[in-house]
Amino acid sequence: MNTPPLNRGVSHGSRNTANGSPERHRRTSAMYRRGSNMSQASFMTDVEMAQDEVELRPMLPAQYAPNGQLTPRVKVFAGPMSESVPTSVSSFAHRRARADSTASFTYYEEDRTSEEGADEEAIAEEYGDILEFDDYDHSQDDLEAGFAPSLLRRKSSQYSRRSVEAPLLRRRASASSAGSTDRWRGKRISQKIYILTEDLTIVAAGFKTSNVGNAVYWTLCIMTVGIAWLLFRWLPRWRVALTGRATALRDCDWVVVENQWGEFAVQDVGRQDYGRPLSTVFGDDEKIPHGDFDEDSDPVINQLRSLDYRYIRFCYHPLKDKFILANTWTDPAWTNVAALREGLDNEERTYRELVFGRNMIDIEEKSIGQLLIDEAFHPFYVFQIASLFLWSVDEYYYYAACIFIISVVSITTTLLETKATMKRLREVSRFECEVRVLRNGFWRHVPSGELVPGDVFEVTDPSLSLVPCDSLLLSGDCILNESMLTGESIPVSKIPVSNESLELLNLSASSTHPEVARSLLFCGTKIIRARRPHDDDADEEAAALAMVVRTGFNTTKGALVRSMLFPKPSGFKFYRDSFRYISVMAGIAAIGFVASLINFINFGLAWHLIIVRALDLITIVVPPALPATLTIGTNFALSRLKQKQIFCISPQRVNVGGKLDVVCFDKTGTLTEEGLDVLGARVVQRPDNRFSDILSDAIDILPGSSYERDPTIDYSAHKTILYTMATCHSLRMIDDELVGDPLDVKMFNFTGWSYEEGEQRSGGAEDDFDTKLSPSVARPPPGREYDIDNLDNDAAAKPVELGVLKQFEFVSQLRRASVIVRQFGSKSGQIYVKGAPECMKDICKPNSFPTDYEDLLHYYTHRGFRVIACASKTIDKLNWLKVQKMRREEAESELDFVGFIIFENKLKPSTTGVIEELERANIRRVMCTGDNILTAISVARECGLINRTAHCFVPHFVEGDSRTALAKLSWESVDNSLFTLDENTLRPMAPAAESDVSLPYDISNLRNYSLAVSGDVFRWIIDFASEKVLREMLVAGQVFARMSPDEKHELVEKLQSIDYCCGFCGDGANDCGALKAADVGISLSEAEASVAAPFTSRVFDISCVPTVIKEGRAALVTSFSCFKYMSLYSAIQFTSVSFLYASASNLGDFQFLFIDLLLILPIAIFMGWSGAYPVLSSKRPTASLVSRKVLTPLLGQIVFCVLVQFIGFEYVQRQEWYKPPILDRSHSNSLNSQNTTLFLVSCYQYILSAVVLGVGRPFRQPMSQNLPFVTTMFITLVITSYMLFDPAGWLTKLMELTYMDVPFKLFILTLGLANFAAAYVSERFLFPGLAKWIGVLSVRVNPRWKKKRKAYKEIAEGMRG
């Protein structure tokens, strides 16, 4: 049988290759893109969409396959669906697949065949199910054309056995004929959607309610008096299985949505009469090409079916037979700016509101009743209610009443806190105001909630303080504060959208194009200033106008609010392990239950007493205060952090902070001061074509009088560099103050010039600058108003006034900015460019560079200075039309290089001390910056991040570049190029014998070398190098320079992929992605709760990093201590009650009360009061509850407690005054000597165990400094000793104590102290060694039990070896 080649349905550079094609063999090359470490960032950049994941499978039945072999299945992503988020908040494209996530979906139909046999064009568009044959080599499947194999492997390989072997949905038969597309259209019952910007994979499965199943459900609920209702509430999958009937998505009434974290939701499918074309919902991109289907290419949707999940709206596409994101729509009529200004009519607005909803970020607020039900019917509180009922039946009325009051207070507090939190969040997110909008051709005021995409509104309306939705600026200009998005409060200028930038508008892209972002007003950003276009002619649009593109939760602000409402699970195992441990204890309780049941039956007790007593054991094992104590350490740490001006919006990250292995730092504004001081300029002197000396003042650059000028020097380049500093910037004048980038402010202030911001006017003839353009103007200071070069030629010379006609703002990818400037009265114009020195080679004439260009650049960057290069060119006969039509590529070409501006970047005072502290704590420090690599290395050495006496190796390309698969790298020492690294092993090679190696760095320091990597090399290593080189680069790399925001993000993800627990500290501007991706992100921002990162420090230096780590360690240790203490408390009480049950006795009502309320509660609370230890230790606390280090001491302590109670229990029975329990078949007798002995012994155990388990150094302050804890210990010991030696009569009666002689009382005291001494010594010395010995022994018994080492440690050892 002839098998056609496999079309893999990849739109970006996909290749249709036959099995043996050269293209296929090329993929096997070791130097080509490797599936093992393919960049996930390139996937985001190339694909820029969220997709369904659709399984490719054979259309041929197995019996027709050659050799009877079944073909392997591959999954690919499908369907262009995404949510756009601007570059400034690319933090929401979380691309890390955390280890704890799972792609096991109960409701996903893996063997779907709904689109088999579709035509190739449809496949290319839809990436649907296509033919796959047995001769396809699965091992070669790296999806090279822009796909990330790691994502594919992750999502395709983790389906659980449960979902495959016991699906709740019936699979369809897999065999079908090749031409059966129509047969399956509309039959899809489930779909998988990957939402890129949320990093969320969901499965939606369609259902209708089964009448029979529903009847059975309600019958069970009524017959079990609500118990079945509770069970189905806790186990929603059971309820779905019982009451739901799987239905095609096109017909379903409700949908079950499950995400990769296993979170489960049932959502109703909304239905609305619509009667409009398909393109009004999905845009032109979603229309099906002619010939693919019988229907018209833009058919009418009679009924709009929508699904809202986590405030994300999906609309059902009837032709594609699936739900598609509704927030990427663009109107096909948005073809030019003039078309955008027309506004909408009321009818169109009404239809659009049906599709996109109201323009409100309105969080659904649950009522008190709903919150109460959610809280009170939580499994823990239901357990509490059952326990209360049990204690009441057992006549423990006082104890039951107290626990009831505590539970009510706890629930009420939780309700009030939840309500207050939701109220705060609603206040932050909800915004509504009056907006002046164009409707039906007339201007009117409407509430901002009525805005829909396509509406045109006035930005200059005085009542408008915040942007009400994501919108495009059509006319006028704006200055916005986007700190809400980025954490950085530098104002951002917005300019009207042009037809060229409108073509680049793509709301389905993962990030906004920089040209579009310049005109996009993001929802929730503060309007600092909005100005209307100033025209002399009467104009009906004498206002700044904007057009709505996204509303409500579809906006950028909506995405931020969602990230706060639905934070990702942190992957921290402590809470999961704690409940595993509880389940083990419950198993032990079950054994005790059976044993006591048999024992009580033998005693012949009443059945109600037998049941109550046996069930009581289970309530003892799961203590009421356990959930609260698990969060005590975190809550105390949060309050201490707040006192230090560090705020946290994700409390679960506090504990994670205690586990950090590496911290990445941004440089500028984080390690160094934000504002750089201008050291001076080095100007190219013509015609010698060499650099001048450093000119440290504006008057030195361009002297104001002829007698101050050196006649041998041509000052034209000097003038150019001064003019560049005065005009090439993005500063704005607000309230007579210059605002903008701190570097631009410093540079402009250096010149001493004044600046007057201009106003752009619309339209104009070719040469009427003075009437149609009011540009921004820069003027020299008084006394230097005239250009002395022109005074000689023209007696009537005009003062220097430089008008900025057009500005090309700084773009991080180009690393430069430029302006078109005209001197007042001149016919010619100049283009001034400033940017990174590396980018000048591409845009300047080669002969304009001095011969020592590289040497001088190396000199300054090596010493930590920031260097900005300047260039310019002159344009003759400049006119308005020429300026407007000039493209950036044309302006920034064939320039003359004119010199360097040198900036001094000072370290912040705290930087060096913090870096040294982290080094002592053995926490790796990494610099991640957009600055020059040599500057970064210099700063790293200055602050101690890199060893000053060790080699630092920098790679550069000797063949090819970052886009060349077969490029070759050379790694050379930054201090002496004779020292190099092997490109395959990244280990130092010995220098040639004849070379001079006399350096301050001795040869032994080659062992302590570090790597500094630039962004282009980082990209090449990610994409093309071997995995071994990648991993070694990640371990040895200390400085990553010229890194884009996406590359910073990816560096964090790659570090996490080799088992680092990674922190990131930055100023929140370009670091949003990295801050969000890091395990612990700390933003240095003025905002109290910046959404750019989990932690926000209002102290603008890195001293917050060790603080967060110390508090994280303290919180982690506190959580473990509290959990161990509560577990030990359960074991002690379980032991006491079990011994007493042996003789049908029990503890008394007030004895239980005393233990639980006066001993356990205050001790558990104040155990967590201890602050963090001031010195950061090189040791790290354990984070696993089920590790030997935790369980061995805990089990040892339990053994001690059982042994001590057993001694007391046996010894008391040998005393002459011993009072045995009296058997009462209907009541428990607690007035006996066994009870008194065990009660008093256990009281000492409860108190003194807290001292044993109260871990102090090296993670927390010693317990002796915890005053509330010490006070609690003292008071409880005094009360217990008082009850032991000389209790008052009323107390004896209340606590049901019996007579004991003095020697026995001393024996009990000795027993308690001996227990404490043995436990304390064992906890400090015996148990840690025992845990280690058990580990060694277990590995010898079974080598597979050996603990898996972290990958980065193995890599580091391999490099040293």
Side-chain angles (χ1 to χ4, degrees), residues 490 667-685 691-704 708 715 717-733 737-755 778-781 783-784 800 802 804 809-810 815-819 821 832-840 850 853 856-872 897-908 929-932 934-936 938-939 942 1067:
I490 293 174
K667 182 179 78 70
T668 308
T670 304
L671 297 174
T672 60
E673 297 287 356
E674 182 67 59
L676 297 93
D677 295 321
V678 181
L679 184 71
R682 299 291 296 264
V683 186
V684 177
Q685 293 182 338
F691 283 106
S692 68
D693 293 334
I694 187 79
L695 304 171
S696 54
D697 198 276
I699 199 76
D700 296 333
I701 296 174
L702 191 66
E708 292 176 325
Y715 278 90
H718 293 64
K719 187 191 301 181
T720 300
I721 203 166
L722 188 68
Y723 287 3
T724 302
M725 295 169 81
T727 59
C728 192
H729 50 71
S730 57
L731 301 179
R732 296 291 179 268
M733 187 69 72
E737 184 183 354
L738 282 173
V739 295
D741 188 287
L743 183 140
D744 284 346
V745 173
K746 288 277 187 183
M747 180 184 72
F748 184 80
N749 288 339
F750 174 81
T751 65
W753 286 40
S754 62
Y755 186 71
R779 297 184 178 89
R784 286 188 275 162
V800 175
L802 303 180
V804 180
E809 291 192 358
F810 178 82
R815 305 213 300 270
R816 60 179 180 263
S818 58
V819 287
V821 172
Y832 298 132
V833 181
K834 70 175 173 65
E838 296 92 334
C839 74
M840 287 295 161
Y853 176 88
L856 190 69
L857 177 63
H858 186 274
Y859 172 82
Y860 279 109
T861 54
H862 216 79
R863 283 156 180 77
F865 294 99
R866 177 86 175 267
V867 179
I868 299 292
C870 298
S872 85
F897 174 73
V898 293
F900 290 138
I901 308 169
I902 316 295
F903 292 89
E904 197 174 10
N905 202 184
K906 298 188 180 104
L907 282 176
K908 288 184 177 178
T929 177
D931 208 344
N932 176 282
L934 294 174
T935 304
S938 173
V939 171
E942 189 182 348
D1067 59 11

Between Ala778 and Ala726, which heavy-atom pair has the shortest distance, and what is it? CB-O, 3.7 Å
Would you compute the distance between atom NZ of Lys908 and atom CG of Leu671 and round it to the nearest 0.5 angstrom? 8.5 Å
Looking only at heavy atoms, what is the nearest atom pair of Met725 and His729, with distance? O-CD2, 3.8 Å
Would the distance check show the side chain of Ser692 and the main-chain N or O of Val683 forming a donor-acceptor pair, the cut-off being under 3.5 Å? yes
To the nearest 0.5 Å, how far apart are CG in Leu857 and CG in Leu934? 7.0 Å
dist Leu743:CG -> Lys834:NZ (nearest 0.5 Å) comes out at 6.0 Å
What is the distance from atom CG of Leu802 to atom CG of Leu722, rounded to the nearest 0.5 Å? 9.0 Å
Side chains of Glu904 and Phe865, heavy atoms from C-beta outward: is any pair under 4.5 Å? yes
Please report the shortest heavy-atom distance between Pro850 and Phe691, naming the atom on each side. CG-CE1, 3.6 Å
Thr727 side chain reached by Trp753 side chain, heavy atoms, under 4.5 Å: no
From CA spacing to verdict: side chain to side chain contact (heavy atoms under 4.5 Å, CB included), Leu695, His718: CA-CA 10 Å; Leu695 304 171; His718 293 64; 3.8 Å; yes
Does Tyr723 reach the side chain of Thr720, with side-chain heavy atoms less than 4.5 Å apart? no
Thr935 side chain reached by Lys667 side chain, heavy atoms, under 4.5 Å: yes
For a 4.5 angstrom cut-off between non-hydrogen side-chain atoms, does Arg682 reach Val867? no
Before we go on, tell me: are the rings of Phe900 and Phe897 under 6.0 Å apart, centre to centre? yes
Rounded to the nearest 0.5 Å, how far apart are CZ of Phe903 and OH of Tyr860? 13.5 Å
Using side-chain heavy atoms (C-beta onward) and a distance below 4.5 Å, is Val684 in contact with Val898? no
Identify the two heavy atoms, one from Val821 and one from Val819, that lie closest to each other, and give their separation to 0.1 Å. CG2-CG2, 3.7 Å
Distance in Å, Ile902 CD1 paired with Thr861 OG1, rounded so as to fall on 0.5 Å steps: 9.5 Å
Main-chain N/O of Pro837 paired to Tyr853 side chain as donor or acceptor, under 3.5 Å: yes
At their closest point, which heavy atom of Ala681 faces which heavy atom of Ile701, and how far apart are they? CB-CD1, 3.9 Å
Verdict with supporting geometry, Leu738 and Arg732, side chain to side chain contact (heavy atoms under 4.5 Å, CB included): CA-CA 6 Å; Leu738 282 173; Arg732 296 291 179 268; over 6 Å; no
Which heavy atom in Phe750 sits nearest to a heavy atom in Ser696, and how many Å separate them? CE1-O, 3.4 Å
